[in-house]
Chemist: 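If you scroll down you'll find the structure; I have some questions about it.
Note that these values count all heavy atoms, side chains included, but never hydrogens, waters or copies made by symmetry. All chains are named by letter (A, B, ...) in the order of the sequence lines, taking the proteins before the strands, and each is independently numbered beginning at 1.
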2 protein chains.
Amino acid sequence: MPDALRRFKAEIFQALAHPTRIAIVEALQEGEQPAGSLIDQLGLEQANISQHLAILRAKQVVTTRRAGNQVYYSLRDPVLSQVLVLLREYFYSHLSESVSMLDAMRPPEPLRK
Amino acid sequence: MPDALRRFKAEIFQALAHPTRIAIVEALQEGEQPAGSLIDQLGLEQANISQHLAILRAKQVVTTRRAGNQVYYSLRDPVLSQVLVLLREYFYSHLSESVSMLDAMRPPEPLRK
DNA sequence: TGACTGTATGCGAATATCCGAATATTCGCG
DNA sequence: CGCGAATATTCGGATATTCGCATACAGTCA
C-alpha cells in the first residue's frame, strides 16, 4: 500500500522538477491567472508553457476554469505552496553549500563558447 | 536571483522524483542507517540503490559518515521529511482523484505480459 | 461564415534518466 | 601483502524529458 503513496509522491515531485513549472506554481500562489498572463510573466514560448501546464494538469497540481476565450489556471491545493516555502527556508539555511551545488551541477551555460 | 532559487528547488524535486529515492528518504526518517541496511529493507539490487544514493548525495539530500567498512547515511535536514508529510496529507485529502491519477498515468505493469 | 485571439497538440531531435551486469574501490583483518 | 565484505563507478541500451516549430482547436466578434 505505501508503494502507491510513494509512486504518488514521486509523480508530484516530478511534476515540480523543472524551473519553469516552479515559476508557474509560484506565479499562481498569488491567485488564479489566465495562461496568457503566465506567458507574459515568464517570457517563454507559448507552446512551451502550454506543455508545462499540460504536465501540471496531468499531475493535478493545477486546475483550470474556462472563461470565454481564456483558460484560468490555479493551484489545486495550497499545501503545494507550503512545500515551496519550506524549500526556500531550506535553501537559505544551507545557502553556501546550495549555491556550490548549483554551480557544480549544471555548468550553467558557458559565458561564451 | 530567484532564478537560482527555482533551479535549486527543481534540483531537489528532481532528486526526490523517484519511488526508490522516496523510500530511501522515508527509511532515513527513522535515523541514520548503513547502506547495506537500506539494501536489505528495500530489496533491490545493491548497485541500483547505490546509484540512487549517489543522486541523493549529489543533491545533498543526504549526508554520509564512514565507520570502518560501512557508510552510514542520514537526512541532511528534517525539513525534507516535513515535505513528505505534507504530501501524504495532500494525497489523502484528494484520495480518490489521486488514485485515479496513478492508474491513468502508469498502466502499472500489466499483471502478466 | 471568416478573421482573429488564446490555448493546446503533434512531431523530431537533442539530451537525460533508469536499470542490470560487470568492474572498481575502500576498509579491516590475518 | 592478499582476501573478503561493504559500497561505488562505469557502460550500454531502453525509455523518458525538453524544446522549437508547425499546426490544430475553441471561442468571440463582425
Side-chain angles (χ1 to χ4, degrees), chain A residues 6-7 10-24 27-28 32-59 61-74 102 104-110 113, chain B residues 6-7 10-24 27-28 32-74 104-110 113:
Chain A
R6 279 196 282 270
R7 283 201 297 132
E11 297 280 359
I12 301 294
F13 284 130
Q14 171 114 334
L16 297 175
H18 192 286
T20 298
R21 294 196 291 270
I22 296 200
I24 291 173
L28 293 179
E32 78 169 358
Q33 295 202 37
S37 155
L38 291 169
I39 292 162
D40 293 346
Q41 284 175 57
L42 304 186
L44 297 175
E45 295 257 340
Q46 178 271 327
N48 193 354
I49 301 229
S50 190
Q51 283 176 17
H52 285 299
L53 286 173
I55 292 172
L56 294 174
R57 250 185 290 127
K59 309 296 175 73
V61 171
V62 299
T63 56
T64 60
R65 169 176 80 84
R66 219 180 167 113
N69 220 1
Q70 302 171 286
V71 177
Y72 283 82
Y73 280 84
S74 53
L102 283 176
M105 200 141 277
R106 187 178 309 172
E109 70 221 43
K113 176 117 72 3
Chain B
R6 279 197 283 270
R7 283 201 298 132
E11 297 281 359
I12 300 293
F13 285 130
Q14 170 116 333
L16 297 174
H18 193 286
T20 298
R21 294 196 291 270
I22 294 198
I24 291 173
L28 293 180
E32 77 169 358
Q33 297 202 38
S37 156
L38 291 170
I39 293 162
D40 293 346
Q41 283 175 58
L42 304 187
L44 297 175
E45 295 257 340
Q46 178 270 327
N48 193 355
I49 300 229
S50 191
Q51 287 177 84
H52 286 299
L53 286 173
I55 292 172
L56 293 175
R57 250 185 291 128
K59 310 293 175 75
Q60 315 216 42
V61 171
V62 300
T63 56
T64 60
R65 169 176 80 84
R66 224 187 161 109
N69 220 0
Q70 300 172 288
V71 178
Y72 283 81
Y73 281 83
S74 53
M105 198 143 275
R106 187 178 308 172
E109 67 221 45
K113 181 136 50 6

Chemist: Would you say a side-chain N or O of B:His52 is under 4.0 Å from OP1 or OP2 of C:dC19?
Modeler: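 Result: yes.
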
Chemist: Nearest whole Å is fine: how far is C:dG6 P from A:Gln41 CD?
Modeler: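 For the pair A:Gln41 CD and C:dG6 P, the rounded distance is 15 Å.
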
Chemist: What nucleotide among D:dA8, C:dT9, C:dC19 has an atom nearest to a side-chain atom of A:Ala54?
Modeler: C:dT9

Chemist: Let me know the distance between CD1 of B:Ile49 and P of C:dG20, rounded to the nearest Å.
Modeler: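 Computing the B:Ile49:CD1 to C:dG20:P distance gives 10 Å.
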
Chemist: Once you round it to whole Å, what is the distance between P of D:dA6 and CG of B:Leu53?
Modeler: 16 Å

Chemist: To the nearest 0.5 Å, what is the distance between NE2 (B:His18) and CZ (A:Arg7)?
Modeler: 12.0 Å

Chemist: In whole angstroms, how far is the P atom of C:dT5 from the CG atom of A:Asp40?
Modeler: 14 Å

Chemist: If you pin A:Thr20 and B:Arg57 to their nearest nucleotides in DNA chain D, which one's is more 5'?
Modeler: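 Its nearest nucleotide being more 5', the pick is B:Arg57.
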
Chemist: D:dA6, OP1 or OP2 - any side-chain N/O from B:Arg66 closer than 4.0 Å?
Modeler: no

Chemist: If you check every side-chain atom of B:Gln46, which of C:dC18, D:dT7, D:dC19 has the closest atom?
Modeler: D:dT7

Chemist: Hey, does the side chain of A:Gln41 reach the backbone of A:Ala27 with a donor-acceptor pair shorter than 3.5 angstrom?
Modeler: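 Checked: no pair found.
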
Chemist: With a 3.5 Å cut-off and heavy atoms only, can you find an N or O donor on one side and an acceptor on the other between the side chain of B:Glu45 and the base of C:dA21?
Modeler: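 Side chain to base: no pair present.
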
Chemist: Using a 3.5 Å distance criterion without hydrogens, assess whether the side chain of B:Arg21 forms a donor-acceptor pair with backbone atoms of B:Gln14.
Modeler: yes

Chemist: When you measure only distances, ignoring hydrogens and angles, does the side chain of A:Gln51 come within 3.5 Å of the base of C:dG10 through a donor and an acceptor?
Modeler: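 Flag set: donor-acceptor pair detected.
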
Chemist: Taking for each residue the nucleotide of DNA chain C with the nearest heavy atom, is it B:His18 or A:Pro34 whose nucleotide lies nearer the 5' end?
Modeler: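 Nearest nucleotide further toward 5': that of A:Pro34.
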
Chemist: Is any side-chain nitrogen or oxygen of A:Arg65 closer than 4.0 Å to OP1 or OP2 of C:dT7?
Modeler: no

Chemist: When we call it a touch if two heavy atoms are under 4.0 Å apart, what does B:Asn69 touch: a base, just sugar-phosphate, or nothing?
Modeler: base

Chemist: Less than 4.5 Å apart, any side-chain heavy atom of A:Leu44 and any of A:Thr20?
Modeler: yes

Chemist: Would you indicate, yes or no, if D:dT17 has its OP1 or OP2 atom less than 4.0 angstrom from a side-chain nitrogen or oxygen of A:Gln14?
Modeler: yes

Chemist: Applying a 4.0 Å non-hydrogen cut-off, can you work out what A:Tyr73 is touching in the nucleic acid: base, sugar-phosphate, or nothing?
Modeler: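 Sugar-phosphate contact only.
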
Chemist: Atom NE2 in A:His52, atom CG in A:Leu38: separation rounded to 0.5 Å?
Modeler: 12.5 Å

Chemist: Whole angstroms only, please: what is the CD-P distance between B:Gln70 and D:dG4?
Modeler: 19 Å

Chemist: Can you check the A:Asn48 CG to C:dC11 P distance for me, whole Å?
Modeler: 18 Å

Chemist: Take atom CG of B:Leu44 and atom P of C:dC18, then tell me their distance rounded to the nearest Å.
Modeler: 13 Å

Chemist: Using whole Å, report how far OH of A:Tyr72 lies from P of C:dG6.
Modeler: 11 Å

